[in-house]
*Asks:* 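Below: one structure in structure tokens.
Counting starts at 1 for both ligands and their atoms, following the listed order. The shown structure was predicted, so the numbers you read here are calculated from the model rather than taken from an experiment.
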Amino acid sequence: MAEDAIQEQLTVLPPEACPLQTCVGRTLQQDVFAERDNPPFDRVCMDGIAISHAAFERGARVFRIETTQAAGAPAVTLRDGANAIEVMTGAMVPKGTDCIIPLEEYDLDGDVVSLKTQATSKPSRNIQRRGEDSEPGVAMLARGVRLGAPEVATAASAGLSHLTVTRQPRVIAISTGDELIEPGQPILEHQVRRSNAYAIVAALRDRGYTQVVDDHIPDDEQTLTQKLLRHLSEQDVLVLSGGVSKGKFDLVPKVLQKIGVQQVFYQVAQRPGMPMYFGVGPDGQAVFGLPGNPVSTLMCLVRYVVPALLYLSGRGRAPIQPMPLATNVKVGKATMAYFLPVTVRVDEKGAPSAVPAPTNGPGDFLALTRTHGFVELPPQSEPFPAGFIARFYRW
Ligand code: AMP
Ligand code: MG
């Protein structure tokens, strides 16, 4: 299988230290331990008053407020056990108190609190005790996790300003073809807009990869050779589009071989995207030659390049997203997998299914704007019934 053949050639990128603000989406390459107890002190959970439960037990329902305990201030002490201290959520529990009565349960007149009849008291009411969530030194995050918002918050709470994470892959999207013209430049009838490089960069930036650049190379052997040599020396991953079919000007596989890229496979039993190429550079660079048709380019990118980048980032195999077909589908060929664009429909019960939305052909990427991604249908000539569970890939 092409995905396995690619992964076998890849080595996870080395770790680097990064400021916490830039770590989201990266893979953690260290363990994170709790700096302190969590919560670090007995913490007030509601705005209200702190009292001694013993006073309530003795029948006290009216309290004089001695002072206010704000979040961020050291704990004050209740001088007279029959009084109360006004407290704010997140503050330390004042010494001499053990119950927080929320402000909905009393009336306040000046500095005198009168409890309403529904007010209740018990020890530790609305108090989170020190160390209740975790103790210092406990493992909070393990190597290998993706750093989402909760993980970044956890690292911040552990006092870490920097984390060791996998280096971001350096990727270049390279379009090839003499017919291609940059957006913003005048265009003639026989020319084509250079949309693929934009699609590749967009799909990767959308997934959080920041080290993504692009270039364009005409169908000229010498220029291809020079430029690809330079890109190989600077990048971890080359994503070429176009120039991998069997036409006279499809020079990419030949030039890659000349500059020392080892071919791993050339052609995959899939539609679209059959001519896809994959090879490995002299220093382990991953080199993808995607067919130039825009629909094929994007499908091959999402199906193969995106999982490879995840793997390089230390996240192992990309998770499979199963999705049932919403209708019967007849597309199969016994020898080839089929990538079918779909929109995802969610029924009244919240269950998703894939509604086929075929394009007019491999150049019809406008049709993809009305889809969420595609499903991969395995080689099979019989129709696929509604409910068939396929693998879904989102754009
Ligand atoms: P190729 O794989 O080079 O034979 O290209 C196949 C088809 O895709 C041709 O019609 C090309 O003009 C088109 N194509 C190739 N590269 C791009 C690109 N970067 N943007 C848009 N269309 C492209
Ligand atoms: Mg071409």
*Asks:* Taking the six-membered ring of F56, is the NZ or CZ of R61 close enough (under 6.0 Å from the centre) and on axis enough (within 45°)?
*Replies:* yes
*Asks:* Consider ligand 1: state whether an atom of it lies below 4.0 angstrom from any non-hydrogen atom of G247.
*Replies:* no
*Asks:* Under 4.0 Å from any heavy atom of R194, which atoms of ligand 1 are there?
*Replies:* 20 (N)
*Asks:* When you compare ligand 1 with S175, is there at least one nitrogen or oxygen pair between them that comes in under 3.5 angstrom?
*Replies:* no
*Asks:* Answer with yes or no whether the hydrophobic clustering places L160 together with L20; edges join I, L, V, M, F, W, Y residues whose side-chain heavy atoms lie under 4.5 Å apart.
*Replies:* yes
*Asks:* Of the listed options (G243, A197, A199), which comes nearest to atom 1 (P) of ligand 1 when hydrogens are ignored and any heavy atom counts?
*Replies:* G243
*Asks:* For atom 13 (C) of ligand 1, which of the options S195, P275, G292 provides the nearest non-hydrogen atom?
*Replies:* G292
*Asks:* Distance alone, cut at 3.5 Å: any donor-acceptor contact between the side chains of R43 and Q128?
*Replies:* yes
*Asks:* Specify the closest pair of heavy atoms between M46 and T89, including all atoms of both residues, with the distance to one decimal.
*Replies:* C-OG1, 3.3 Å
*Asks:* For atom 17 (C) of ligand 1, find the nearest protein heavy atom and state the residue, atom name and distance (0.1 Å precision).
*Replies:* N196 ND2, 3.1 Å
*Asks:* Is G177 in contact with ligand 1, taking contact as a heavy-atom separation below 4.0 Å?
*Replies:* no
*Asks:* Would L309 and V306 satisfy side chain to side chain contact (heavy atoms under 4.5 Å, CB included), going step by step from the backbone distance to the final call?
*Replies:* CA-CA 5 Å; L309 293 180; V306 167; 5.5 Å; no
*Asks:* Of all the non-hydrogen atoms in the protein, which one sits nearest to atom 12 (O) of ligand 1, and at what distance?
*Replies:* E179 OE2, 2.5 Å
*Asks:* Provide, to 0.1 Å, the distance between atom 4 (O) of ligand 1 and the closest protein heavy atom, together with that atom's residue and name.
*Replies:* D250 OD1, 3.8 Å
*Asks:* So which heavy atom on R26 is nearest to which on C18, and how close?
*Replies:* NH1-SG, 3.7 Å
*Asks:* Hey, can you pull the donor-acceptor pairs under 3.5 Å for the side chains in residues 281-301, sequence neighbours left out?
*Replies:*
from	atom 1	to	atom 2	distance (Å)
Q285	OE1	D283	N	2.8
Q285	NE2	L232	O	2.8
T297	OG1	N196	ND2	3.2
T297	OG1	P291	O	2.6
T297	OG1	G292	O	3.4
T297	OG1	N293	O	3.1

*Asks:* Of all the atoms in ligand 1, which lie at a distance below 4.0 Å from a heavy atom belonging to N293?
*Replies:* 6 (C), 7 (C), 8 (O)
*Asks:* Checking contacts here: is it the side chain or the backbone of L180 that comes within 4.0 Å of ligand 1, counting heavy atoms only? Could be both or neither.
*Replies:* side chain
*Asks:* Less than 3.5 Å apart, any donor N or O on the side chain of Q29 or T166 sitting next to an acceptor on the other?
*Replies:* yes
*Asks:* Can you find a non-hydrogen atom of R193 under 4.0 Å from ligand 1?
*Replies:* yes
